[in-house]
2 protein chains.
Amino acid sequence: MSSSARVSVKANRLEEILFAAAECFQQQGFAATSIDTVARHLGATKGRIYHYFPSKMDLFNAVRDRAMELAFEAIKEGYESTRPTEVRLGMMVRGQALGMMQYHSFMQVLLDGLRMRRYGATTEFQRQAMALHLEQRDAFEAMYREVLSKGHEEGLFKIGRMSITLRSFVISANSPVFWYQKRDDDDQAKLEAIADEIVAFAMRGLGVDWPDDEFLHSNQVRQTT
Amino acid sequence: MSSSARVSVKANRLEEILFAAAECFQQQGFAATSIDTVARHLGATKGRIYHYFPSKMDLFNAVRDRAMELAFEAIKEGYESTRPTEVRLGMMVRGQALGMMQYHSFMQVLLDGLRMRRYGATTEFQRQAMALHLEQRDAFEAMYREVLSKGHEEGLFKIGRMSITLRSFVISANSPVFWYQKRDDDDQAKLEAIADEIVAFAMRGLGVDWPDDEFLHSNQVRQTT
DNA sequence: ATGGAAACATACTACCGAGTATGCTGTCAA
DNA sequence: TTGACAGCATACTCGGTAGTATGTTTCCAT
């Protein structure tokens, strides 16, 4: 076996563990999930997991970091778009809502991570990882804040106090993470229809006269597909 | 000591334990919270808690039930009001958002309870308690659904698919539970200002042309205070 | 006053789960 | 071929935790 092939096998193993861990953490939360549970989910034993991750906390952090990457990826297209501000924002919400459904397990882990802010960070290294993660969260929020501010200055959005509106808005985009459940029959179109509904609610929340018709809207936004 | 005085002492003890448990469960979640931790929070030992609650799960259920009661109480005034539909709904959101901040610990426990739906119910009795709780959740959601439907029929609200809009709307009202943190300087007026901001966002999300001015709005709604 | 029960604290058991130490097997490099 | 290391599985340690059993004290009813 060539060296590069070994690397990819190793990368695959990491991915397998990451996905299994994400599902377990999502279903039961960090504290209630044992390493053995994750291992059983993989059809393996603890040995395998501890061969790739030094501790349970590191495994969790890896899942959380991945979730963060996915979240950034989800809003990237909208954020970087040069279209009008309200369209950009709509694309961001749409991408994020879709991400919440498509990567549901990973995203739910982000919630769990929030709670750890207070009590969990024992070692210095862990504290650093937590600090880094909080920075990423801030950066993520800042992207929304920037676009919201821009739209506000342009007279497009009704925003009272930015901090409250921002949080309400982002929570709306996140909302599928709380109630979405995978069904056998959901295809991409179905998820997009749900996402469009969320976009409409969130955009109207800012006082934008978002069109009622889902198809009109998705044709307008889905220019790149 | 009279018999009735003993009852009230016992009720006080129950309340103490309930509040301490709520805080602990909120900070660390159910699984990560030990009975000893709750006891230490009370300046007592396990004996005290197990004297009043047969198991950790029963304690958690008690906290969750209380949280449910508080949630119902929070939206009751708005729901039972005879004012126009959009005002009723605004009052409901306002009450709920306030409740999420005022009873923050209890409310956060409701979130944790959601996750247990899947894995946690071991005994038959526990299964019943969970089923009862899910009924209550449905009943709670149904109250919002009813008012939303009424407003939709009256042509007041823009609602695409009810299930999605309903969830987005309720999540918006719940949103302070995710980010609110008690400060030393928050008085009732401050919380109400936050709540008003959330109400504005949520109502606009339904396409209602909710007024910008917070004071105007709160004078309009806060008729009973 | 005194038996007894309520209201706990203390001491103990039994188990589970994170982390470790060690053993086993295939694979590659020299 | 061989040794050495990756890639695990197995077997163990040990601290923490739910629940129990057993004191101990206070307080009330009789």
Side-chain angles (χ1 to χ4, degrees), chain A residues 1-21 24-25 27-63 112 116 119-123 125-126 129, chain B residues 1-21 24-25 27-63 112 116 119-123 125-126 129:
Chain A
M1 188 188 289
S2 77
S3 172
S4 69
R6 260 237 302 282
V7 166
S8 104
V9 164
K10 181 162 183 173
N12 277 339
R13 287 303 197 189
L14 281 168
E15 284 295 288
E16 280 178 27
I17 296 174
L18 224 53
F19 273 76
C24 294
F25 286 145
Q27 287 174 15
Q28 315 189 354
F30 174 74
T33 300
S34 73
I35 296 286
D36 293 278
T37 302
V38 180
R40 231 171 308 155
H41 212 75
L42 282 164
T45 64
K46 285 157 70 148
R48 177 123 136 218
I49 293 177
Y50 278 106
H51 183 71
Y52 291 90
F53 295 92
S55 78
K56 183 184 176 185
M57 196 61 183
D58 285 277
L59 176 57
F60 181 83
N61 284 336
V63 174
D112 236 31
M116 290 182 185
Y119 86 108
T122 44
T123 76
F125 187 76
Q126 287 299 340
Chain B
M1 188 189 290
S2 77
S3 172
S4 69
R6 261 237 302 281
V7 167
S8 104
V9 164
K10 181 161 183 172
N12 278 338
R13 287 305 197 189
L14 281 168
E15 285 294 288
E16 279 178 28
I17 296 174
L18 225 53
F19 273 76
C24 294
F25 286 144
Q27 287 173 15
Q28 316 189 352
F30 174 75
T33 300
S34 74
I35 295 286
D36 293 277
T37 303
V38 179
R40 232 172 308 155
H41 212 76
L42 281 164
T45 65
K46 285 158 70 147
R48 177 123 136 220
I49 294 177
Y50 278 105
H51 183 72
Y52 291 90
F53 295 92
S55 78
K56 184 185 174 185
M57 197 60 183
D58 285 275
L59 176 57
F60 181 82
N61 283 338
V63 173
D112 235 34
M116 291 183 183
Y119 86 109
T122 46
T123 76
F125 188 77
Q126 287 298 339

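Per chain, numbering begins at 1; letters A, B, ... match sequence-line order. The structure displayed is predicted, hence computed values, not measured ones.
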Please tell me which of the listed nucleotides, [options], lies nearest to the side chain of [X]?
{"X": "A/S55", "options": "D/dA9, C/dG19, D/dT17", "result": "C/dG19"}
{"X": "B/Y50", "options": "D/dT20, C/dA18, C/dA9", "result": "D/dT20"}
{"X": "A/H51", "options": "C/dG19, D/dG7, C/dC8", "result": "D/dG7"}

Worksheet item: Got a donor-acceptor pair under 3.5 Å from the side chain of B/K56 to the base of D/dG19?
Response: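 Per atom types, no contact qualifies.
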Item to complete: Give a yes or no on whether a donor-acceptor pair under 3.5 Å exists between the nucleobase atoms of D/dA9, that is its base, and the side chain of A/K46.
Response: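 Not at all, since no donor on one side and acceptor on the other fall under 3.5 Å apart.
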Worksheet item: For A/Y52, which contact category applies under a 4.0 Å heavy-atom criterion: base, sugar-phosphate, or nothing?
Response: sugar-phosphate
Worksheet item: So what does B/T45 hit on the nucleic acid, given a heavy-atom distance under 4.0 Å: a base, only sugar-phosphate, or nothing?
Response: base
To the nearest Å, how far apart are [X] [atom1] and [N] [atom2]?
{"X": "A/R40", "N": "D/dA9", "atom1": "CZ", "atom2": "P", "value": "13 Å"}
{"X": "A/I49", "N": "C/dA18", "atom1": "CD1", "atom2": "P", "value": "10 Å"}
{"X": "A/F53", "N": "C/dT20", "atom1": "CZ", "atom2": "C1'", "value": "19 Å"}
{"X": "A/I35", "N": "C/dG17", "atom1": "CD1", "atom2": "C1'", "value": "10 Å"}
{"X": "B/R48", "N": "D/dT20", "atom1": "CZ", "atom2": "C1'", "value": "20 Å"}
{"X": "B/L42", "N": "C/dC8", "atom1": "CG", "atom2": "P", "value": "10 Å"}
{"X": "A/I17", "N": "D/dG7", "atom1": "CD1", "atom2": "P", "value": "11 Å"}
{"X": "A/D36", "N": "C/dT20", "atom1": "CG", "atom2": "P", "value": "14 Å"}

Fill in: Heavy-atom closest contact (B/L42 atom, B/I17 atom, distance)
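Closest pair (atom of B/L42, atom of B/I17, distance): CD1-CG1, 3.8 Å.
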Worksheet item: Going from OG1 on B/T33 to CG on B/D112, what distance comes out if it is rounded to the nearest 0.5 angstrom?
Response: 8.0 Å
Practice prompt. Enter the distance from B/R13:CZ to B/H51:NE2 here, rounded to the nearest 0.5 Å.
Written response: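 Atom-to-atom, B/R13:CZ and B/H51:NE2 are 10.0 Å apart.
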Response to the item:
By ring pair (Phe, Tyr, Trp, His ring centres under 6.0 Å), B/F19 pairs with (sequence neighbours left out) B/F106
Worksheet item: Is B/K56 positioned over the aromatic face of B/F30, cation under 6.0 angstrom from the ring centre and no more than 45 degrees off axis?
Response: yes
Mind listing the N/O atom pairs, protein and nucleotides 21-23 of chain C, below 3.5 Å?
none

Item to complete: Not counting sequence neighbours, which residues clear side-chain hydrogen bond (donor to acceptor under 3.5 Å, both in side chains) with B/D36? List them please.
Response: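 For B/D36 there are no side-chain hydrogen bond (donor to acceptor under 3.5 Å, both in side chains) partners, ignoring immediate neighbours.
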Fill in: Distance below 4.0 Å between B/R13 side-chain N/O and C/dA6 OP1 or OP2
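So the side-chain polar atoms of B/R13 never come under 4.0 Å of the phosphate oxygens OP1 or OP2 of C/dA6.
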Worksheet item: Between A/P54 and A/T37, who's closer to the 5' end of DNA chain C by nearest nucleotide?
Response: A/T37
Item to complete: Among B/L59, B/I35, B/N61, find the one that has a side chain to side chain contact (heavy atoms under 4.5 Å, CB included) with B/F53.
Response: B/L59
